[in-house]
Number of protein chains: 2
Amino acid sequence: MATCSQCPVRESSICHSLSADALDRFGRAGRRQTLLAGQTLMWEGEDALLVGNVVDGILKLTASLSDGRDQMLGIAFPSDFIGRAFGTKTRHSVTAVTDAEVCTFRRSDFDDLARRHADVEHDLLKRTLGELDQMRKWMQVLGKMTATERVAVFLIEMAARLCPDVESETALIRFTLPIGRQDMGDLLGLTIETVSRQITNLRQRQIIGTPDRRSIVIYDRRALAACAGMG
Amino acid sequence: MATCSQCPVRESSICHSLSADALDRFGRAGRRQTLLAGQTLMWEGEDALLVGNVVDGILKLTASLSDGRDQMLGIAFPSDFIGRAFGTKTRHSVTAVTDAEVCTFRRSDFDDLARRHADVEHDLLKRTLGELDQMRKWMQVLGKMTATERVAVFLIEMAARLCPDVESETALIRFTLPIGRQDMGDLLGLTIETVSRQITNLRQRQIIGTPDRRSIVIYDRRALAACAGMG
DNA sequence: AGTTGTCATTGACTGGGATCAAAAACCAGA
DNA sequence: TCTGGTTTTTGATCCCAGTCAATGACAACT
């Protein structure tokens with residue numbers, strides 16, 4: 001019933017490689033779902049019953065230690081694929097950080113469909129390989145970088161994902177953070193206080209500006225990149 | 001020329017799903033290579049020209065920051081797949097830590113073959129998804145855990161991979177570490193000194209024994225698991 | 001405007017792991 | 001058995017980021 005042809009992520013999600021009739025099959029299996037900010041779609045440790053596409057909004061992937069320490073494992077943007085295909089357990093929770101729209105499949109349905117559509121499997125493979133590369137970069141951040149470096153890397157990463165005209169040398173880079181300080185800390189392996197101090201420090205050095213607490217302006221890209229340890 | 005039928009990882013590597021004639025095609029494309037301990041097969045940042053299977057020995061995946069800080073990203077055991085399929089850049093180096101035997105393919109050859117053999121692609125996808133899960137677990141380790149917890153997690157992980165009879169409740173667990181203290185530090189985001197101190201501490205508490213510096217005996221699994229923050 | 005609750009910032013202090021330095025254990029080859 | 005080189009252990013000290021605590025900013029209500 002969801003008219004995939006009008007889906008905002010039709011061309012960028014995992015569905016982009018589907019032919020018209022294959023799209024129809026997926027359309028029948030999929031289900032549009034609206035999530036409120038804070039709502040959790042999948043829980044860590046649960047059976048992996050769902051997978052899906054992010055259609056709109058931002059979600060976070062998190063896992064926690066038995067004593068409550070939280071680690072954020074990633075941020076999912078529109079057209080990203082979420083959930084654990086071909087697996088029985090979901091190893092992390094998926095929670096909406098803004099109001100969000102997702103298109104979910106029963107995992108078993110998706111697995112069957114994907115098996116029958118090599119293009120979808122291939123696309124999923126490429127996405128997964130890309131995510132693995134990404135995750136390895138984060139491993140370097142968490143394993144070896146100082147607090148300043150971590151925050152700088154994060155800001156550069158966010159600019160790249162959120163700022164369309166980041167390529168142009170001259171344009172002023174400005175974006176709205178998808179997550180708050182606490183989540184930034186959980187992602188970067190820092191406390192909220194340390195994140196805050198680092199941002200204050202970057203602002204005092206005129207490298208960035210913070211028009212309001214959710215917005216970042218990058219004044220000096222060179223300096224920020226230097227802080228991130230990228231020469 | 002490589003007789004795949006006698007390959008030690010024939011049944012466990014990515015090739016296990018190949019039919020006899022498909023195996024022949026892969027066999028022609030593949031090339032057996034021997035590496036000496038310390039030899040590097042692929043360099044971080046290089047074009048991704050090679051992929052392959054580990055046939056024998058242990059390799060490590062590493063990436064370094066511009067100032068030389070090294071992060072180990074993983075350890076590859078026999079039957080593991082190495083290299084970046086369907087990508088242009090190798091984001092990490094692959095280096096033998098023991099003498100090793102690998103079966104390599106030109107990446108473009110492998111990509112073509114894999115595209116034509118859905119089973120291989122599917123297997124690669126499942127491996128990649130598994131690795132991603134694994135990597136997310138390490139992210140938790142690096143982001144949130146104390147030095148003791150990190151070392152304990154590492155030892156438990158190694159026991160699981162290296163000790164065949166780890167399942168049996170009663171058996172004494174003993175194994176040889178595939179890597180030295182420096183590499184352990186690089187994997188766990190700690191210095192060599194801290195790793196050494198943590199191991200000394202675990203030994204003094206009679207939780208483990210170290211018959212020689214490359215060997216570990218686990219006396220008290222319960223206590224070690226507790227140190228790893230697994231209740 | 002005032003109240004309440006959430007989130008961010010700032011400050012003072014602490015501690016775990018890094019750093020620096022030296023000794024000890026181990027290994028390989030002569 | 002000695003010897004030089006590597007790896008690991010141990011010790012002393014330091015510092016970055018964590019912790020604890022208070023304050024400030026802001027949005028959503030009355």
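Keep in mind that this is a model prediction, so the values were computed, not measured.
With sequence neighbours excluded, the residues that form a side-chain hydrogen bond (donor to acceptor under 3.5 Å, both in side chains) with Arg205(A) are Asn201(A).
Checked by distance alone, Arg213(A) brings a side-chain donor or acceptor within 3.5 Å of a matching partner on the base of dC7(C).
Glu193(B) and Ser196(B) share no side-chain donor-acceptor pair at under 3.5 Å. The closest side-chain donor-acceptor pair between Thr104(B) and Gln33(B) falls under 3.5 angstrom.
The closest donor-acceptor contact from the side chain of Thr98(B) to the backbone of Ile58(B) lies under 3.5 Å. Side-chain atoms of Arg107(A) come within 3.5 Å of backbone atoms of Gly87(A) as a donor-acceptor pair (strictly under, hydrogens ignored).
Residue Ile179(B) is the one, among Ile179(B) and Thr146(A), whose nearest nucleotide of DNA chain D lies closer to the 5' end (criterion: closest heavy atom).
Gly189(B) comes within 4.0 angstrom of sugar-phosphate atoms only, judged by non-hydrogen atoms across all strands, and of no base.
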Yes or no on side-chain hydrogen bond (donor to acceptor under 3.5 Å, both in side chains) for Gln134(A) and Glu157(A), after CA distance, side-chain angles and deciding distance? CA-CA 11 Å; Gln134(A) 189 70 20; Glu157(A) 180 76 25; 2.9 Å; yes
Full working for side chain to side chain contact (heavy atoms under 4.5 Å, CB included) between Thr210(A) and Val217(A): CA-CA 6 Å; Thr210(A) 53; Val217(A) 187; over 6 Å; no
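Between Phe81(A) and Phe105(A), a ring centre-to-centre spacing not shorter than 6.0 Å is recorded.
The distance from atom CZ of Arg150(A) to atom C1' of dG18(D) is 12 Å, rounded to the nearest whole Å. The interatomic distance linking Glu193(A) (CD) with dT10(C) (P) rounds to 13 Å, in whole Å. Protein atom CD of Gln182(B) is 14 Å distant from nucleotide atom P of dT6(D), rounded to whole Å. Between Arg181(B) atom CZ and dA25(C) atom P the separation is 15 Å, expressed in whole Å.
Note that the two end axes of the helix from dA1(C)-dT30(D) to dA30(C)-dT1(D) enclose an angle of 40°, each drawn from 5 base pairs, rounded to 10 degrees.
Of the residues in residues 195-206 of chain A, Arg197(A) come within less than 4.0 Å of DNA chain D through at least one heavy atom, sorted by number.
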